[in-house]
A.B. asks: 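One structure coming up, written as structure tokens, with questions to follow.
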Amino acid sequence: GESTDDESYSCDLASLLAECAGDLPANFRILITTRPEAYILRSMQHSTVLQLSMPNTRELNQKDISIFIRHRLLPRSGFTGADGIDEASCGTLAEVSQGLFQWAAFACNEINPCRWRGGSPPKQRFDRIVSLTLKKPDDRLGLLDSLYRDVLEQAYDPRENPNGHEVLKGVMAMILA
């Protein structure tokens, strides 16, 4: 998720645009894309700024996500595919993605055999990822959070990597410093 500082900055920027948009020359255009966050919509509600909404992207994304997943996991020229993953598996993964490209990309990276040396086989990773979606079937952000958490837990499992927690603490220290 975004931090409170990001929200504050975005709100300030939205308010500034809402207040000053009428002062700009008539031929001056600014295009801003954003999710329809409540704080942004509130700051723009009494402005002259033109707001357009996209239709529900979940349904629109499903076909593209399905193509993406198949490309990443099924055999093609120069790639043998993820062992145990077939068309039906790709369809299931696209469906449980709930229209989130970020989730689908991250899941494919987790399953893709090119990204792993050792560890559990692709089909086992696929089954684990799909089972995560059953815990939060309608919570799109929770779905992404639970996938991130699961991958980190797998990567830093002390049974698999005894120094994993120390490595994770070092990485987090660098990020937060």
Side-chain angles (χ1 to χ4, degrees), residues 1-73 90-112 114-115 128-130 132-156 164-177:
E2 293 179 3
S3 71
T4 305
D5 290 342
D6 289 342
E7 183 175 318
S8 175
Y9 173 78
S10 297
C11 190
D12 290 346
L13 179 60
S15 295
L16 178 66
L17 286 171
E19 291 171 23
C20 300
D23 299 336
L24 296 170
N27 63 343
F28 194 85
R29 303 284 187 261
I30 299 174
L31 173 66
I32 298 175
T33 60
T34 182
R35 293 182 304 268
E37 302 287 357
Y39 66 92
I40 293 176
L41 295 174
R42 273 193 308 276
S43 65
M44 298 296 228
Q45 75 187 65
H46 299 296
S47 75
T48 60
V49 174
L50 174 64
Q51 298 176 39
L52 302 173
S53 295
M54 295 288 294
N56 183 340
T57 57
R58 181 176 176 172
E59 288 80 25
L60 294 173
N61 284 349
Q62 283 307 120
K63 183 177 180 185
D64 291 337
I65 288 173
S66 183
I67 292 168
F68 172 80
I69 290 170
R70 282 172 171 76
H71 176 76
R72 294 293 305 273
L73 299 178
C90 290
T92 299
L93 207 56
E95 185 176 319
V96 299
S97 74
Q98 297 185 20
L100 295 172
F101 258 107
Q102 182 63 35
W103 188 91
F106 201 79
C108 286
N109 284 345
E110 173 68 4
I111 295 166
N112 194 320
C114 294
R115 309 246 328 156
R128 191 185 75 243
I129 288 168
V130 170
L132 289 173
T133 66
L134 301 176
K135 296 176 186 174
K136 297 182 179 269
D138 296 319
D139 180 6
R140 292 179 78 194
L141 293 179
L143 184 69
L144 199 52
D145 289 344
S146 57
L147 179 60
Y148 290 154
R149 183 179 300 110
D150 179 71
V151 170
L152 285 172
E153 286 171 357
Q154 294 294 317
Y156 297 105
H165 285 275
E166 292 304 315
V167 171
L168 179 59
K169 282 194 249 180
V171 169
M172 294 307 294
M174 286 188 281
I175 291 171
L176 298 173

A.B. asks: Quick one: are Trp103 and Ile65 in side-chain contact, heavy atoms under 4.5 Å?
C.D. replies: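 They are not in contact (no side-chain heavy atoms under 4.5 Å apart), so the answer is no.
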A.B. asks: Excluding sequence neighbours, so at least two apart, what forms side-chain contact (heavy atoms from CB on, under 4.5 Å) with Leu24?
C.D. replies: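 Result, side-chain contact (heavy atoms from CB on, under 4.5 Å) vs Leu24: Phe28, Ile30.
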A.B. asks: What pair of heavy atoms forms the shortest contact from Ala107 to Ile129, and how long is it?
C.D. replies: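 Shortest heavy-atom separation between Ala107 and Ile129 comes out as O-CD1, 3.9 Å.
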A.B. asks: Listed by chain and number, what are the ring pair (Phe, Tyr, Trp, His ring centres under 6.0 Å) partners of Phe106, not counting sequence neighbours?
C.D. replies: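 Testing Phe106 for ring pair (Phe, Tyr, Trp, His ring centres under 6.0 Å), a comparison that skips the adjacent residues, returns Tyr148.
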A.B. asks: How close do Thr133 and Val130 get, heavy atom to heavy atom, and via which atoms?
C.D. replies: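 That closest heavy-atom pairing would be OG1-O, 2.6 Å.
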A.B. asks: Going by the rule side-chain hydrogen bond (donor to acceptor under 3.5 Å, both in side chains), which residues pair with Thr92 if we only count those two or more places apart in sequence or in a different chain?
C.D. replies: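 Once residues adjacent in sequence are excluded, Thr92 has no partner under the side-chain hydrogen bond (donor to acceptor under 3.5 Å, both in side chains) criterion.
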A.B. asks: Report the distance from atom CG of Asn109 to atom CG of Leu73, rounding to the nearest 0.5 Å.
C.D. replies: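 Reported value, rounded in 0.5 Å steps: 9.5 Å.
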A.B. asks: Are Cys108 and Asn112 close enough that some pair of their side-chain heavy atoms sits under 4.5 Å apart?
C.D. replies: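 Answer no - side chains too far apart.
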A.B. asks: Run the numbers on Gln62 and Ser97 for side-chain contact (heavy atoms from CB on, under 4.5 Å), then give the verdict.
C.D. replies: CA-CA 8 Å; Gln62 283 307 120; Ser97 74; 3.9 Å; yes
A.B. asks: From Leu93 CG over to Arg72 CZ, what is the distance, rounded to the nearest 0.5 angstrom?
C.D. replies: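 Those atoms lie 11.0 Å apart.
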A.B. asks: Who passes side-chain contact (heavy atoms from CB on, under 4.5 Å) against Glu19, sequence neighbours left out?
C.D. replies: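 If we apply the side-chain contact (heavy atoms from CB on, under 4.5 Å) test to Glu19, skipping adjacent residues, the hits are Ser15.
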